[in-house]
There are 4 protein chains.
Amino acid sequence: MSETRRGRPRRAEIDARVIEVATELLLRRGYGGLSPDEVAERAGIAKTTLYRRWPTKDHLAFAVVARLQDDDEITDTGDIRRDLPAYLEKIAAGLERMRRAGRDPGDTGDTGPGPGSVADLLAAAARQPEVGELVREMYARRNTLARALLERARDRGELRPDLDVEALFDQLAGALYYRVLVTGLPVDRAYAERLTDTALRGAARERN
Amino acid sequence: MSETRRGRPRRAEIDARVIEVATELLLRRGYGGLSPDEVAERAGIAKTTLYRRWPTKDHLAFAVVARLQDDDEITDTGDIRRDLPAYLEKIAAGLERMRRAGRDPGDTGDTGPGPGSVADLLAAAARQPEVGELVREMYARRNTLARALLERARDRGELRPDLDVEALFDQLAGALYYRVLVTGLPVDRAYAERLTDTALRGAARERN
Amino acid sequence: MSETRRGRPRRAEIDARVIEVATELLLRRGYGGLSPDEVAERAGIAKTTLYRRWPTKDHLAFAVVARLQDDDEITDTGDIRRDLPAYLEKIAAGLERMRRAGRDPGDTGDTGPGPGSVADLLAAAARQPEVGELVREMYARRNTLARALLERARDRGELRPDLDVEALFDQLAGALYYRVLVTGLPVDRAYAERLTDTALRGAARERN
Amino acid sequence: MSETRRGRPRRAEIDARVIEVATELLLRRGYGGLSPDEVAERAGIAKTTLYRRWPTKDHLAFAVVARLQDDDEITDTGDIRRDLPAYLEKIAAGLERMRRAGRDPGDTGDTGPGPGSVADLLAAAARQPEVGELVREMYARRNTLARALLERARDRGELRPDLDVEALFDQLAGALYYRVLVTGLPVDRAYAERLTDTALRGAARERN
DNA sequence: AGCTAATCGAGACGGTACGTCTAGTCTTAAA
DNA sequence: TTTAAGACTAGACGTACCGTCTCGATTAGCT
């Protein structure tokens with residue numbers, strides 16, 4: 001089945017080295033400071049090699065981010081009021097890391113408002129249809145996890161039976177993105193809990 | 001009071017002409033297709049003049065978007081279940097317009113998924129601190145309107161008294177951005193109503 | 001006869017202040033570092049005022065140089081073998097000063113080879129016909145002096161009667177310019193004497 | 001011996017095409033009318049390629065002039081009174097060509113006084129130390145030829161044995177430059193002969 | 001005292017050259 | 001076929017510079 005490869009095989013360690021270098025550059029200097037030329041030079045490879053594996057800078061940047069967020073696991077303790085903020089916080093942490101990318105290194109920790117490189121990466125996905133597809137796949141996996149969590153909670157009776165799960169998750173995740181991208185305010189555990197609470201209780205006055 | 005003006009005054013019509021030209025380019029070709037050189041040439045002014053008023057391309061792009069969204073008004077009929085989706089739809093329409101910017105004009109209407117130029121503009125705000133500030137101001141104005149709408153509804157008794165207004169609006173607006181930027185799905189009136197409904201009713205199972 | 005001036009008279013002290021500032025800039029930074037904008041600002045005047053008096057930067061630069069070389073006097077002791085090198089040395093000193101213009105100030109005195117700003121000033125004269133005319137007038141005055149010196153020496157019997165005075169002076173002055181502009185070698189008293197000696201004695205082998 | 005070449009080799013024909021285009025522009029429009037952008041476009045290459053080979057406009061301009069004067073050969077018939085004016089005339093022709101560069105083409109032949117682009121090129125050499133070095137090398141080669149001519153004549157007994165060859169050649173070449181650059185008068189065969197005659201005979205009254 | 005004419009200060013404006021930067025492709029030779 | 005090295009394309013972006021223009025405010029002489 002697997003057709004035999006001809007010619008010189010790719011050196012496997014190059015991928016790792018490139019991603020490592022690119023990750024450092026992206027986090028230290030932001031998207032604008034990530035230059036294929038420099039990545040190639042620092043990784044000790046030729047540009048040809050780089051472009052053979054990641055056909056555009058946008059592909060490379062996505063590869064970096066994908067690896068950074070790979071590890072988002074979800075835990076299900078059976079209590080949605082605990083699990084949901086915990087998961088949101090994980091998402092928030094990933095956003096915060098990208099938001100801080102490219103800010104002054106000698107910082108006091110306060111990086112000021114603003115979306116950092118998050119928007120650049122979304123823009124990259126917009127420019128390259130292929131990257132956009134990959135991004136959506138990545139988010140689809142995440143959504144699947146979150147949706148399953150919510151559906152289990154619904155089935156347990158914690159959430160109402162006719163809940164619009166998609167809309168709910170859009171709201172929760174969306175709020176995080178909105179904060180980071182638009183208002184520039186930080187997202188942290190406390191905020192994740194406010195969101196959860198507001199979403200679960202509902203805004204309407206309780207009927208009695 | 002009004003301190004005397006010194007020097008040659010700026011020609012006022014230049015602003016209008018430039019924004020007009022830039023708007024057309026941005027909408028037709030997207031952020032990447034907006035070139036200061038071309039704007040200057042089409043507007044019949046020198047590049048220096050352009051850069052004196054908008055010191056970077058990012059400033060110019062923001063100016064375009066700011067004017068496009070200038071007109072978002074809010075109407076308050078006294079029924080939050082009607083006013084809220086109406087306002088969300090206006091925001092959505094603005095996003096959709098920017099999302100479509102730069103896609104092929106001879107299109108069938110279906111522009112495919114993806115954030116279009118929305119992310120580019122947020123990235124611009126991230127690159128230029130000054131633009132970021134302006135963006136946040138613009139959104140702060142919008143938020144103030146929305147917040148007032150929600151607070152009046154709360155005072156009327158439509159919403160619960162201890163509602164976290166900020167979190168609620170983040171969720172609603174955020175969901176729109178999340179859809180456009182991340183999942184690439186369209187945002188329309190129907191979606192605005194799903195959001196409103198989900199947010200108002202709350203996700204939790206009604207007690208008793 | 002002199003028709004009465006109408007309107008506000010020019011402020012006389014401005015000329016002096018501008019030339020002073022321009023001279024310092026030209027000598028410190030060379031022709032390229034002489035900027036009308038900066039001259040105006042440092043002299044505390046408006047650009048309008050500057051350009052009313054010196055219609056181009058080239059005119060201004062020439063004005064600076066003209067004043068620097070104003071004082072070249074000629075002395076006639078009756079001995080051409082002494083007077084000629086003395087005069088050449090004066091010319092050389094002026095050239096050296098301009099040659100050094102724009103070189104590092106913290107220098108050890110050795111400014112390296114190269115023509116410095118001399119060529120820039122000649123280029124200025126080439127660009128502006130009016131300045132060229134002024135330059136040629138300036139040199140014509142100098143030539144007249146030198147020519148008179150040589151003619152008196154000829155009449156005294158120091159030089160041969162059928163001497164081509166113009167060619168001789170071209171050779172002497174030209175050698176100075178050639179050194180400064182082309183070979184980049186320094187011109188000093190010793191060199192002035194070598195020139196004088198070579199020119200007076202002639203290159204041809206003395207006949208029997 | 002010859003170490004192996006790495007990377008893509010430079011396309012050799014680019015040099016020729018660029019120089020050709022640049023030469024035409026320089027001669028037709030003078031130094032000020034020589035624009036790297038236009039050269040690149042007309043030569044059909046990218047600006048980066050141009051700047052890789054000639055890092056500034058000044059380098060490019062020098063390359064043009066260097067090639068124009070490449071072919072100055074010297075002939076030695078054994079009669080210094082014939083060879084010297086002939087060689088001077090060649091130098092003069094080169095100067096005249098550059099002097100005329102950029103003057104109106106529809107001219108009557110009379111280009112008026114002034115140094116044309118000669119001064120611009122010397123100024124270029126002054127601005128770019130590297131170009132200055134190249135210029136001095138070029139002139140050093142020329143000087144070597146002339147010096148050899150003079151020395152052979154001296155050895156033959158045409159010139160006096162203790163002649164200061166350097167000073168003599170400075171005088172002759174310098175006079176040409178002085179005329180072109182300063183007095184703006186034309187240099188031609190007749191002038192070359194006046195110079196030679198004056199220099200060889202000497203200015204001093206012949207002793208008897 | 002008002003009128004006229006020119007200067008002055010401040011800064012916008014035009015026009016354009018110059019060079020830098022970046023992403024990505026192509027062409028060699030060697031492995 | 002991959003890899004290294006580096007030339008090449010294409011063009012955007014912003015800066016620098018010179019000189020012009022347009023205001024309002026002055027400052028003189030003339031009427």
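All heavy atoms count here, side chains included; hydrogens, waters and symmetry mates do not. Order of the sequence lines sets the chain letters (A, B, ...), proteins ahead of strands, with each chain counted from 1.
Dashed line: the shortest gap from a side-chain N or O of D/Arg52 to OP1 or OP2 of F/dC8 is under 4.0 Å. For F/dA4, one of the phosphate oxygens OP1 or OP2 lies less than 4.0 angstrom from a side-chain nitrogen or oxygen of A/Arg11. Residue D/Thr56 places none of its side-chain N or O atoms closer than 4.0 Å to OP1 or OP2 of E/dC18. Phosphate proximity of F/dC17 to C/Ser35: absent, as no side-chain N or O sits under 4.0 Å from OP1 or OP2. At least one side-chain nitrogen or oxygen of C/Arg10 sits closer than 4.0 Å to the OP1 or OP2 atom of E/dT7. Remark: C/Arg53 is in phosphate contact with E/dC8, judged by side-chain N or O atoms under 4.0 Å from OP1 or OP2.
The side-chain heavy atoms of A/Asp15 and A/Trp54, taken from C-beta on, include a pair separated by under 4.5 Å. The side-chain heavy atoms of A/Leu25 and A/Arg42, taken from C-beta on, include a pair separated by under 4.5 Å.
Contact annotation: side chain of B/Thr48 to base of E/dG14, donor-acceptor pair present below 3.5 Å. For a distance-only test at 3.5 Å, the side chain of A/Lys47 fails to qualify as a donor-acceptor partner of the base of F/dG6.
Taking atom CD1 of residue D/Ile45 and atom P of nucleotide E/dC26, one finds them 18 Å apart after rounding to whole Å. The distance from atom CG of C/Leu50 to atom P of E/dG11 is 16 Å, rounded to the nearest whole Å. One can place CZ of D/Arg6 at 7 Å from P of F/dG6, the figure rounded to the nearest angstrom. Separating the CD atom of D/Glu41 from the P atom of E/dC18 is a distance of 14 Å, rounded to the nearest angstrom. When the C1' atom of F/dT22 is taken as reference, atom CD of B/Glu13 falls 13 Å away, rounded to whole Å. Atom CH2 in D/Trp54 sits roughly 13 Å away from atom C1' in F/dA7 (whole-Å rounding). A straight line from CG of D/Asp58 to P of E/dA17 spans 16 Å, rounded to a whole angstrom.
The residue C/Leu60 sits apart from the nucleic acid: no heavy atom pair falls under 4.0 Å. Looking at heavy-atom distances under 4.0 Å, C/Gly44 makes contact with sugar-phosphate atoms alone, never a base. Across all strands, A/Arg127 comes closer than 4.0 Å to no nucleic acid atom at all (heavy-atom distances). Here A/Leu34 lies in heavy-atom contact (under 4.0 Å) with sugar-phosphate atoms only. At the heavy-atom level, D/Asp37 lies under 4.0 Å from base atoms of the strands shown.
The environment of D/Glu38 atom CD is dense: over 12 non-hydrogen atoms of other residues, nucleotides or ligands sit within 6.0 angstrom. Summarising the local packing, CZ of C/Arg53 is surrounded by more than 12 heavy atoms from other residues, nucleotides or ligands at distances under 6.0 Å.
Ranking E/dG9, F/dG19, E/dG14 by closeness to the C/Ile14 side chain, first place goes to E/dG9. With distances taken from any side-chain atom of B/Tyr51 to the nucleotides E/dC18, F/dC8, F/dT15, the minimum falls on F/dT15. The nucleotide whose nearest atom lies closest to any side-chain atom of C/Arg8 is, among F/dC18, E/dT7, F/dA10, E/dT7.
Comparing B/Pro55 and A/Ala12 against DNA chain F, the residue whose closest nucleotide sits nearer the 5' end is A/Ala12. Both D/Gly32 and B/Ala46 lie near DNA chain E, and the one whose nearest nucleotide falls closer to the 5' end is B/Ala46. When the nearest nucleotides of DNA chain E are assigned to C/Thr49 and D/Gln128 by heavy-atom distance, the more 5′-ward of the two goes with C/Thr49. Taking for each of B/Pro9 and B/Lys57 the nucleotide of DNA chain F with the nearest heavy atom, the 5'-most of the two is the partner of B/Lys57.
Panel note: side chain D/Lys57, backbone D/Leu34; a donor-acceptor pair is recorded below 3.5 Å.
A salt bridge is defined here as a Lys NZ or Arg NE, NH1 or NH2 lying under 4.0 Å from an Asp or Glu carboxylate O, and C/Arg136 with C/Glu133 meets this definition.
To the nearest 0.5 Å, the span separating CG on B/Leu26 from CZ on B/Arg28 amounts to 11.5 Å.
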